[in-house]
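What follows is a short report on a single structure.
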Amino acid sequence: MDQAAVDRAKEHFAKVVEEQMRRVDQMRSAQSWTDFSRLDKIVVGIVGGDGIGPYICAHARTVLEFLLGEEVAQGKVELRTIEGLTIENRVRTMKAIPEDVLAEIKRCHVVLKGPTTTPKKGDPWPNIESANVAMRRELDLFANVRPVRVPEQNIDWMFFRENTEGAYILGSKGVNVNDDLAFDFCVATTQGCERIIRLAFEHAKKNGIDKVSVVTKANVIKTTDGKFLSTAEEVSKDYPGIKWDDWFIDIMTAKLIDPYRRSDFKVMVMPNLYGDILTDEAAQIQGGVGTAGSANIGMRYAMFEAIHGSAPRMVDEGRAQYADPSSIIKAAAMLLNHIGKVEKARQLEMALDVCCLHERHFKMTGRSDGATGEQFAGYIMETLTDPDLERKWKSYQAC
Ligand code: IPM
Ligand code: MG
């Protein structure tokens, strides 16, 4: 046996364990949620990202300016474009997020982020860490909240995906012990599981939902998923009015396409990787990943993003102006809700429903036979000014 290889692996493992112990200490120290109502000025960073990102973010910015015009004029909200989170810059600095960009982001309270290219083995880029994953970790955005709704099928799902642990947190810190043996790590902490599960139960409680479904693979991944599940059992004791059930990820992916069962699910909470997979499946049921928005919430910061990729091919082929900005605009609605602009968020959500699900006056095809992102944003703003919006939206809900 190559003892030197074993020793190197042990050393590596000791290092990651120490790192994670420090993270647990940080989580244990008291933190409080940002109270947006007490801030003199809320700074919203807009980070374009790669490929079509800057294009769709510009449209989301126009919509936000339209809705927040008064607050911006009064200096209560600032919309601040942050440049530089591009794959070229990240490769140049060999950092998932270049330091100056991260510093800029940390000067904001919340961020709206376009898609960023995630290099994988075999790509022309060096295999650096995903900017998404790094941002979630650096800003401690532990909750990935992803709603999926298909009203005509009675689907109203809210996914609470753990966002800072699981298979992701050491995704770039696996170890090749030798040419034949590779390890990755999966991490769960009591604090990390508890905070996401509690958020899911709180959401259920606030919205009068009487059940939370916990998704793991605790029959096989016994230690970390086992901790997730036993933490759920503990947390549930604080919510006597809410039932909970547990599902394994494999059967859950099947149940989401079971027309007889799927509308029974309302609030679902799960470790990172299962949430990644399940929310793409769910978004596809809603109409495609391009139709979903995603909130990454931490106690101090929050980041809102489109869940589709950066589509570099659209830019290369000169089609970026036809990219569909609905996912990032949906994320902008979640951002508005998070910073306390609840009514504006509701208006924007209604306008998105009317424009994307019901009227569909503009078809987005991603090509010149469809509408441009600018036309779509214009359509959203026109719909927002419609004094009849609420009545119209309600009439669609009824049918
Ligand atoms: C998502 C994405 C990311 C993830 C990628 C881009 C790293 O798929 O936000 O779901 O896996 O979390
Ligand atoms: Mg994903």
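We count ligands from 1, going down the list as the structure has it; atoms in each ligand are counted the same way.
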Checklist outcome for this item: Shortest non-hydrogen pair, S130 vs T118, comes out as CB-CG2, 3.5 Å
Checklist entry - Hey, is R28 close enough to D25 for a salt bridge, meaning N to O under 4.0 Å? => result no
Next on the checklist: Strictly under 2.8 Å, is the Mg ion (ligand 2) approached by any N, O or S atom of D276?
Outcome noted: yes
Next on the checklist: Counting non-hydrogen protein atoms only, what is the nearest one to atom 5 (C) of ligand 1? Give residue, atom name and distance.
Outcome noted: T118 OG1, 4.3 Å
Checklist entry - Less than 4.0 Å between a side-chain N and a carboxylate O, is that true for E19 and R22? => result no
Next on the checklist: For F265 and W247, take the angle between the two ring planes, folded into 0 to 90°, and tell me which bin it lands in: parallel under 30, tilted 30 to 60, perpendicular over 60.
Outcome noted: perpendicular
Checklist entry - Among R300, R195, R23, which one satisfies salt bridge (charged side-chain N to carboxylate O under 4.0 Å, His left out) with D140? => result R195
Item to check | Closest to atom 2 (C) of ligand 1 (judged by heavy-atom distance), picking from D276, L273, V289 | outcome: D276
Checklist outcome for this item: Quick note on ligand 1: atoms under 4.0 Å from a heavy atom of S130 include exactly 7 (C)
Checklist entry - Does even one non-hydrogen atom of R146 get within less than 4.0 Å of ligand 1? => result yes
Next on the checklist: Using heavy atoms and a 4.0 Å limit, tell me yes or no: is K120 in contact with ligand 1?
Outcome noted: no
Checklist entry - Do F376 and H59 make the cut of ring centroids closer than 6.0 angstrom? => result no
Checklist entry - If you count the atoms of ligand 1 from 1 in the order shown, which ones are under 4.0 Å from a heavy atom of N132? => result 9 (O)
Next on the checklist: Just to confirm my output: which protein heavy-atom neighbour is closest to atom 11 (O) of ligand 1, and how far is it?
Outcome noted: Y168 OH, 2.5 Å
Checklist entry - In terms of ring plane angle, is the pair W157 and F159 parallel, tilted or perpendicular, where the classes change at 30° and 60°? => result perpendicular
Checklist outcome for this item: Among H308, E305, R136, closest by heavy atom to atom 9 (O) of ligand 1 is R136
